[in-house]
Number of protein chains: 2
Amino acid sequence: MKYPLHLIKLIETLKKLPGVGTKSAERFAFHMLDWQPQQLREMSTIIADMPSQLCCCPTCGCLEDNGSCPFCIPERLQHQKLCIIACAKEAFAIEATGEFHGCFHVLGTLLSPMSGKGADMIDMDKLFRRIKSNNVTEVVIALDSTLEGDATALYLKSALTHAGVTISRLAFGIPMGSSLEYVDGGTLAKAFSGRSPY
Amino acid sequence: MKYPLHLIKLIETLKKLPGVGTKSAERFAFHMLDWQPQQLREMSTIIADMPSQLCCCPTCGCLEDNGSCPFCIPERLQHQKLCIIACAKEAFAIEATGEFHGCFHVLGTLLSPMSGKGADMIDMDKLFRRIKSNNVTEVVIALDSTLEGDATALYLKSALTHAGVTISRLAFGIPMGSSLEYVDGGTLAKAFSGRSPY
């Protein structure tokens with residue numbers, strides 16, 4: 001016996017969330033059946049209002065708050081540093097570290113030829129324009145340590161060679177609080193080659 | 001730096017889903033930021049339409065399909081068997097086994113004094129009325145093998161003693177395809193005491 005049509009629709013739409021398969025979507029859907037209509041209306045309205053309420057800054061690609069970008073402000077521009085990130089979420093994580101006070105530049109995607117994401121997906125002209133107009137002196141590449149992240153970082157490094165800026169990438173090494181015993185070989189090798197005077 | 005207010009609202013509403021904590025809700029929310037407005041509208045409408053589109057059968061508590069209950073039909077009533085389940089989802093799982101052809105009775109909750117769910121949460125009058133009106137001869141208790149499930153099963157067993165019906169409960173034992181090595185002691189003990197001629 002099949003689920004009622006509307007329940008199937010709900011499960012299918014919930015499966016679009018990252019990491020949610022059929023089993024989890026079914027669990028979510030049956031849980032939601034017990035919610036009050038008021039709770040359902042609330043969730044529905046929040047989702048429907050997303051396009052109008054959550055806009056990306058046309059300059060840096062980060063999330064605007066109340067119609068203005070909290071990252072594109074004069075105090076941050078004066079640092080002349082630009083941190084390249086893949087998606088808007090990372091700006092909040094980096095901001096929380098308190099280690100970076102410059103501006104961000106959201107790429108929106110990482111290079112991934114297997115998924116049809118080639119170099120044409122990255123708007124290099126926009127990046128060059130920002131580097132020039134903001135008098136950027138250092139570009140920090142803050143991308144994942146994955147195949148896609150490494151490929152994108154290499155591409156950016158070569159594209160920015162003649163841009164007259166210092167290019168840096170986040171350090172690789174042993175995660176804080178972890179035991180050497182559990183660190184994988186690749187990370188250990190990076191930690192060795194990147195060792196610093198102590 | 002805090003997330004924009006609407007994003008916080010979205011994360012809070014997503015955290016109401018079972019097993020979804022802050023980290024998962026943030027992951028869902030940022031993923032949804034990349035969705036097309038059309039996809040968001042679709043999800044929003046499906047959720048808002050749930051109270052009108054997904055109703056529970058007033059007789060058995062299972063989900064109705066197109067305004068009628070697929071389980072409360074004469075062909076199933078004639079079996080004179082009633083399977084007591086905790087929530088509507090289980091009816092589909094039991095139906096898929098092809099082992100039961102009678103009717104269902106959704107309790108809606110399990111006894112759990114710790115969460116303030118006492119015997120008054122279970123509508124026994126309704127259960128008695130159904131047993132009488134459907135001429136039920138066997139009641140199958142299909143509840144979880146947990147503290148709450150066991151307590152509810154015991155309560156039902158004692159309440160139905162004089163109802164003139166055979167009472168059975170689902171068998172406990174070794175799950176199909178599992179190795180004895182990995183079966184816990186409680187399950188193994190149940191499997192021993194419930195062993196059958198082979």
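Every chain is numbered from 1 and lettered A, B, ... according to where its sequence line falls, protein lines coming before strand lines.
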Inset, instruction - Below 4.5 Å from any heavy atom of chain B, which atoms of A/R27 appear? Answer side chain, backbone, both or neither. - result: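 Backbone plus side chain of A/R27, per the 4.5 Å heavy-atom cut-off to chain B.
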Legend entry - Engaged part of A/F30 at the chain B interface, taking heavy atoms whose separation is under 4.5 Å: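 Contact with chain B: side chain only.
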Of the backbone (N, CA, C, O) and the side chain (C-beta and beyond), which part of [X] lies under 4.5 Å from a heavy atom of chain A, both, or neither?
X     : value
B/D34 : neither
B/Q36 : neither
B/F92 : side chain
B/K2  : backbone
B/A96 : neither
B/L14 : both
B/Y3  : both

Inset, instruction - Apply side-chain contact (heavy atoms from CB on, under 4.5 Å) to the pair A/M50 and B/M43, showing each step before the final yes or no. - result: CA-CA 12 Å; A/M50 280 179 66; B/M43 180 183 254; over 6 Å; no
Legend entry - Flag side-chain contact, heavy atom, 4.5 Å: A/L17 against B/H31: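 SC-SC contact between A/L17 and B/H31 ruled out.
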Inset, instruction - For chain B, find which of A/E12, A/K9, A/K16 contributes the most heavy-atom pairs closer than 4.5 angstrom. - result: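 Greatest number of close heavy-atom pairs with chain B: A/K16.
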